[in-house]
Amino acid sequence: MKTKMFRALLLLAIVFTTVSCSSDESETATKEAVVTNYNYNEVELRLVQLINNHRKNLGLNELQVINHISYKSEGHNEYMIEKQTISHDGFQQRSQNIINTLGAEKVAENVAYNYITAESVVAAWLNSPGHRQNIEGDFTHFGISASTDSKTGKRYYTNIFMKEK
């Protein structure tokens, strides 16, 4: 009786293990495609210019804009608008996506809320040690999004930085 029970459990364990494993094909099939198109608004273009001018004035490399990162930034703005709060919620997922999809070595993020002009949001970031560190950090690329809440008229900003491997 014990032998029959043991064999049945062993068979069940083997079947379960075989069925529960996933192949590499299914993992690559779920990998997100790189977003190559992004339409930048005036504020976003000005933010790119201001951040790169600041870096250039310090003798740092200018950052190249990547549409995929701007798309991820816009998605986070949409989340913050929906929640009506400023946050870094989901940063780990955005960071991991950029690492997996674009081959980033490291990723950082700045967010802001309710600044009217690009100049005012960059000034606020530069007056904050953590945000300044990201703007002046050892990064190679970035993406930016400035989105306006259609109900309140307030702007949300997300700026994600990455260093290429």
Side-chain angles (χ1 to χ4, degrees), residues 22 24-56 60-165:
S22 64
D24 288 334
E25 283 183 34
S26 66
E27 289 177 21
T28 55
T30 60
K31 183 178 179 184
E32 187 175 330
V34 175
V35 175
T36 56
N37 293 320
Y38 185 86
N39 294 319
Y40 293 89
N41 62 42
E42 271 185 51
V43 175
E44 293 163 341
L45 293 172
R46 183 70 178 137
L47 287 164
V48 167
Q49 182 182 42
L50 290 168
I51 290 169
N52 273 330
N53 284 347
H54 177 77
R55 289 180 61 86
K56 196 164 54 171
L60 300 170
N61 62 301
E62 289 188 30
L63 302 175
Q64 294 180 340
V65 178
I66 294 185
N67 292 341
H68 183 81
I69 301 174
S70 296
Y71 173 78
K72 288 294 176 184
S73 298
E74 181 181 55
H76 185 55
N77 283 350
E78 290 168 359
Y79 170 85
M80 292 190 296
I81 289 169
E82 180 185 320
K83 297 293 183 184
Q84 289 293 294
T85 188
I86 186 168
S87 75
H88 290 283
D89 292 354
F91 173 70
Q92 188 62 38
Q93 290 86 356
R94 285 187 296 286
S95 175
Q96 197 60 53
N97 173 270
I98 291 166
I99 289 167
N100 292 342
T101 306
L102 301 175
E105 180 179 311
K106 69 178 183 175
V107 179
E109 176 178 81
N110 287 349
V111 295
Y113 160 76
N114 203 24
Y115 290 92
I116 297 170
T117 66
E119 288 79 7
S120 62
V121 73
V122 170
W125 281 336
L126 292 175
N127 285 324
S128 164
H131 294 104
R132 176 185 282 273
Q133 183 177 350
N134 289 340
I135 289 173
E136 297 175 358
D138 182 24
F139 295 103
T140 55
H141 298 80
F142 73 143
I144 192 85
S145 179
S147 304
T148 304
D149 182 340
S150 61
K151 294 176 185 155
T152 66
K154 308 219 178 197
R155 277 205 185 118
Y156 290 77
Y157 302 86
T158 302
N159 183 198
I160 302 176
F161 303 86
M162 77 166 242
K163 179 176 182 172
E164 193 172 50
K165 285 184 182 177

_Heavy-atom count check: over 12 atoms from other residues, nucleotides or ligands less than 6.0 Å from Gln133 CD?_
no
*NZ of Lys72 to OG1 of Thr158: how many Å apart, nearest 0.5 Å?*
12.5 Å
_From CZ (Phe142) to OG (Ser70), nearest 0.5 Å_ = 8.0 Å
*Answer yes or no: is there a donor N or O on one side and an acceptor on the other, between the side chain of Asn134 and the main chain of Phe161, under 3.5 Å?*
no
*Can you name the closest pair of heavy atoms from Ile144 and Glu44 and give their distance?*
CG2-O, 3.8 Å
_Between Gln49 and Asn53, is there a side-chain donor-acceptor contact under 3.5 Å, judged purely by atom types and distance?_
no
*Say you draw a straight line from OG of Ser87 to OH of Tyr156; how long is it, rounded to the nearest 0.5 Å?*
10.0 Å
_Point-to-point distance, once rounded to the nearest 0.5 Å, from OG of Ser73 to CD1 of Ile98_ = 7.0 Å
*Distance-only, no hydrogens or angles: does the Trp125 side chain make a donor-acceptor pair with backbone N or O of Val111 under 3.5 Å?*
yes
_Under 4.0 Å between a side-chain nitrogen and a carboxylate oxygen: does that hold for Lys56 and Glu62?_
yes
*asked:* What's the separation between atom CD1 in Ile51 and atom CG in Asn110, rounded to the nearest 0.5 Å?
replied: 7.5 Å
*Do any N or O atoms from the side chain of Asn61 and from the backbone of Phe139 form a donor-acceptor pair under 3.5 angstrom?*
yes
*State whether the side chain of Asn97 and the backbone N or O of Gln93 hold a donor-acceptor pair below 3.5 Å, judged by distance alone.*
no
*Would you say Thr140's side chain and Glu164's backbone share a donor-acceptor pair under 3.5 angstrom?*
yes
*Expected output: side-chain Arg55 to main-chain Gly137 donor-acceptor under 3.5 Å*: yes
_Determine whether a donor-acceptor pair (N or O, by modelled atom type, separation under 3.5 Å) exists between the side chain of Tyr157 and the backbone of Tyr115._
yes
_Tell me if a side-chain donor or acceptor on Arg94 pairs with a main-chain N or O of Asp89 at a distance below 3.5 Å._
yes
_Flag, side chain of Asn159 to backbone of Glu109, donor-acceptor distance under 3.5 Å_ = no
*Non-hydrogen atoms of Asn114 and Lys154 that approach each other most closely*: OD1-CD, 3.2 Å
*Geometric class of the His88/Phe91 ring pair [parallel <30°, tilted 30-60°, perpendicular >60°]*: perpendicular
